[in-house]
Amino acid sequence: MLGAVAAAGLLAGALTAPALAAADGPELITNGDFSNGTTGWWWTENSPGEVVDGRLCAEVPAGTENPWDAIVGQNDLPLAAGEGYELSFTASATEPITVRTNVQMAAEPWTTEHASADQVGAEAKTFTHVFTAGADHEAAQLAFQIGGSEQAYTFCVDDVSLTGGAEPPVYEPDTGSPVRVNQVGYLTEGPKNGTFVTEKTSALTWTLKDADGTEKASGTTTPAGVDPTSRQNVHTFDFGDFTEAGEGYTVTVDGETSEPFDIGDELYSQLRSDALAYFYHNRSGIEIDADLVGEEYARPAGHVGAAPNQGDTEVPCQEGLCDYTLDVSGGWYDAGDHGKYVVNGGISVAQVMSNYERTLTAEGADGAALGDGKLRVPERGNGVPDVLDEARWQMDFLMRMMVPEGEELAGMAHHKIHDREWTGLPLLPHQDPQPRELHAPSTAATLNVAATAAQCARLFEQYDADFAARCLDAAETAWAAAKAHPDMLADPNDGTGGGAYSDNDVSDEFYWAAAELFVTTGNETYRQEVMDSPLHGDTDAVFPRGGMSWGATAGLGALSLATVPNEMTDAQLQGVRAMVTEAADGYAADSRGAAYGVPYAPQDNHYVWGSNSQVLNNMVVLATAHDLTGESAYRDAVLRGMDYLLGRNPLNQSYVTGYGERDSRNQHHRFWANQLDPDLPNPAPGSVAGGPNVEIQDPIAQDKLQGCAPAMCYIDHIESWATNEITINWNAPLAWIASYLDDLGQGGDGGEDPGEDPDETPSCEVTYSSNRWNGGFSSNVTVKNTGTDTLSGWELTWSFADDQRITQAWNAQVVQTGRDVVAKPAQWNSTIPANGSVSFGFNGTSGGQAADPDAVSLNGKACTVK
């Protein structure tokens with residue numbers, strides 16, 4: 001994560017916004033119209049400037065890597081703390097570029113008072129920004145950062161003005177409808193709750209309507225008063241008695257209508273796949289294949305040593321730390337930057353593996369959905385569950401981070417590896433020019449390796465005994481090293497080029513590692529380490545009310561002890577499970593008492609950085625308690641938590657890209673950076689934003705969110721790294737929960753009969769016909785419902801066997817991701833009566849034989865294909 005960028009003063013930005021009133025203070029810019037030549041202005045040596053037709057124009061060379069590699073600027077600008085300023089200028093460029101404009105200190109630490117990112121092209125355009133200075137400056141600097149382009153171009157600027165006396169506009173987030181619902185939908189037999197924002201204090205009538213506007217149910221709201229997390233007066237409503245599956249439902253209260261949503265039991269299958277695909281998207285050291293993720297997300301391998309990369313195959317330590325290099329290639333990029341961190345990677349890979357391990361122990365869990373050939377990984381078809389193939393990519397990296405034999409700290413793990421200096425946005429991994437460095441080993445990192453490698457050993461045993469043995473050896477080596485060096489803590493000031501990830505208490509990591517080693521080996525030594533831990537039996541210490549995290553990992557060990565068969569005594573097992581259910585009781589109570597149903601109640605409503613991941617981790621505990629006990633209260637709290645994440649929240653915001661009508665799509669990321677470069681994509685579907693954060697550490701958040709209510713301290717802007725970053729350790733619990741919910745809908749007590757036979761005779765028949773020609777094909781599909789019940793809402797899925805690409809479809813909504821295709825109905829054919837059928841078709845391109853599709857399923861059940 002990008003915690004130190006604010007100090008660099010180079011990456012954070014502010015939203016452009018017109019002033020509410022004209023600034024009336026004195027002009028601070030000297031010669032802003034360039035009538036006196038270039039007086040008062042300077043530029044970097046590589047971008048010489050001159051006045052052309054009354055504008056200052058700079059020639060920017062090709063191949064600059066960072067925005068600050070080429071600058072035009074002016075110094076000696078006096079600013080007063082608390083004063084509002086209006087900055088305006090007119091700019092053009094001979095190539096489309098993003099210009100970053102900073103008002104900042106003129107020397108390190110380059111503290112930024114204003115930063116903006118503007119799209120500039122051939123047509124001159126005027127930009128206006130208003131900001132408030134946070135500190136006094138006798139000689140601040142205006143810097144137009146114009147580097148970072150592969151092409152040479154000419155940048156011109158004119159009419160530059162900076163005046164005081166401006167009144168900053170008040171930021172009012174667009175929250176859309178005051179009727180807040182889960183914008184994806186609700187399981188047929190699950191709870192269905194919503195929230196209505198209103199000043200009224202008496203109960204109001206709500207009405208549920210289908211896509212055609214027909215009223216299906218109604219009731220009255222329950223006034224809930226002022227919600228302390230949002231400072232909104234709200235009502236809640238419950239339509240859980242309605243169980244008719246369908247698409248496009250809405251709820252109307254007092255003349256206001258919600259976003260549309262579905263009711264059904266197939267709501268989370270795609271999210272399960274997308275949330276796990278996040279990890280392949282963010283792999284280091286491998287080309288990302290268009291056949292798996294689509295053309296817009298394909299990219300070359302990053303950090304493999306191909307210029308300008310210096311690569312991760314022979315990485316040295318920071319100066320003075322060690323005299324060796326390590327091959328630390330592979331693994332997952334942590335977050336918005338290109339760093340790889342063992343303590344963040346540890347909890348992430350543990351939860352990815354636990355996603356699969358749950359299917360080995362929990363009744364109704366579907367391991368097939370995570371199996372070989374099911375996910376978007378290049379290793380599919382190797383006989384190993386795809387989810388474990390993904391985990392192995394990270395586990396290989398984590399074990400490579402260990403200090404080699406013969407060295408003084410052999411067996412310890414380096415805390416992290418990342419760029420020597422911060423890089424700018426956007427920047428694809430293969431274009432990163434910075435030297436890479438290993439940072440000092442730490443006890444926390446070493447225990448992360450011990451815990452995850454122990455889990456790896458037991459899960460890979462049946463698929464690759466040699467790799468499993470390597471994992472176990474690494475786990476026990478790391479444990480011994482951590483015991484020998486129990487207090488090597490990461491430096492909290494080591495935050496240049498990457499986050500510090502410091503942690504001054506590693507008792508939780510010791511507990512986690514001991515638990516995983518005990519589950520895997522049954523060794524009495526590890527049992528005693530668990531039982532003797534000061535955390536054992538202390539529910540609040542193992543499961544903090546604010547949620548598990550990379551810095552609070554004891555709960556991971558307790559969940560493994562509670563669910564994975566091991567050699568604890570019955571009494572010991574009951575004690576661990578009691579901790580799980582006691583914690584879940586607290587989270588469920590928090591959910592029931594919250595106006596928005598969220599199972600997250602940090603002290604004083606202090607929503608933290610990555611609060612959405614804390615919500616998700618609490619949901620993991622709740623779901624595990626439901627797996628263990630079958631009690632619906634735990635299940636319901638999980639579902640209400642997902643409602644919160646997908647739109648039933650104070651901002652009416654789905655925090656998951658691609659899910660819901662109002663989804664986050666400008667999360668902080670270096671190569672999913674469409675907001676800064678239209679040629680780059682938005683984050684891939686299934687990427688969860690960090691969410692509300694009361695600390696609002698970045699300038700965007702500080703500029704727009706001052707005084708925000710805790711659950712409203714969020715903005716969907718690429719440079720709000722404090723509220724809108726995406727990370728592996730936030731997506732890991734999202735994937736875990738999506739799997740749980742998909743299982744719930746398809747066979748648990750949230751949906752269909754859990755006793756249903758998945759191998760029963762197919763109740764659908766698909767006729768597929770295709771006309772092929774050189775380079776193209778046209779296909780027609782007929783879907784027949786051979787069951788006895790009408791299907792209300794349908795989803796047909798299949799996989800192509802070669803490189804077919806759908807270019808046009810009719811009579812259905814057809815979306816292709818890699819080789820996987822999902823077809824959903826048009827508005828007029830959403831139901832298929834018993835023995836009835838619907839038809840649709842599509843055109844496409846193909847370099848191969850355009851073979852008939854494989855693994856065709858209707859609403860998650862296999863179809864007969866003719």
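These numbers come from a predicted model, not from an experiment.
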Would [X] and [Y] count as having a side-chain donor-acceptor pair, cut-off 3.5 Å?
| X | Y | result |
| --- | --- | --- |
| Asp585 | Tyr634 | yes |
| Glu631 | Thr581 | no |
| Tyr186 | Asp643 | no |
| Gln351 | Asn617 | yes |
| Asn382 | Asp389 | yes |
| His536 | Tyr511 | yes |
| Gln183 | Ser654 | no |
| Gln667 | Glu725 | no |
| Thr188 | Asp265 | yes |
| Thr229 | Asn605 | no |
| Asp334 | Tyr501 | yes |

Closest contact, heavy atoms only, Trp736 versus Arg358: CZ2-CD, 3.5 Å
For the pair [X] (side chain) and [Y] (backbone), establish whether a donor and an acceptor sit closer than 3.5 Å, ignoring hydrogens and angles.
| X | Y | result |
| --- | --- | --- |
| Asn731 | Gly686 | yes |
| Asn729 | Ile347 | no |
| Thr443 | Met488 | yes |
| Asp372 | Gly381 | yes |
| Arg400 | Val328 | no |
| Ser687 | Pro683 | no |
| Asn649 | Tyr644 | yes |
| Lys416 | Gly499 | yes |
| Thr520 | Ala454 | yes |
| Arg272 | Ser739 | yes |

Beyond-backbone contact of Met642 with Leu267, side-chain heavy atoms, under 4.5 angstrom: no
Atom pairs and distances, side-chain donor-acceptor, residues 591-603, under 3.5 Å, sequence neighbours left out:
| residue | atom | partner | partner atom | Å |
| --- | --- | --- | --- | --- |
| Ser591 | OG | Gly597 | O | 2.8 |
| Ser591 | OG | Arg640 | NE | 2.7 |
| Ser591 | OG | Arg640 | NH2 | 3.3 |
| Tyr596 | OH | Gln232 | OE1 | 2.5 |
| Tyr600 | OH | Val608 | N | 3.4 |

Geometric cation-pi criterion, Lys483 with Phe510: 6.0 Å, 45°: yes
Within 45° cone and under 6.0 Å: Arg283 NZ/CZ vs Trp332 ring: no
Evaluation steps, salt bridge (Lys or Arg N to Asp or Glu O under 4.0 Å), between Arg470 and Asp396: CA-CA 10 Å; Arg470 178 185 159 208; Asp396 272 326; 2.7 Å; yes
With rounding to the nearest 0.5 Å, note down the distance linking [atom1] in [X] to [atom2] in [Y].
| X | Y | atom1 | atom2 | result |
| --- | --- | --- | --- | --- |
| Trp512 | Thr452 | CH2 | OG1 | 6.0 Å |
| Glu795 | Ser857 | CD | OG | 10.0 Å |
| Trp550 | Glu509 | CH2 | CD | 8.5 Å |
| Leu459 | Leu360 | CG | CG | 7.0 Å |
| Glu567 | Arg527 | CD | CZ | 7.0 Å |
| Thr797 | Leu858 | OG1 | CG | 8.5 Å |

Partner set under ring-ring contact (aromatic ring centres under 6.0 Å, His included) for Tyr526, not counting sequence neighbours: Trp479
Non-neighbouring partners of Asp464 that pass side chain to side chain contact (heavy atoms under 4.5 Å, CB included), sequence neighbours left out: Arg392, Asp466, Phe467
Other residues, nucleotides, ligands: >12 heavy atoms within 6.0 Å of Asp570 CG: no
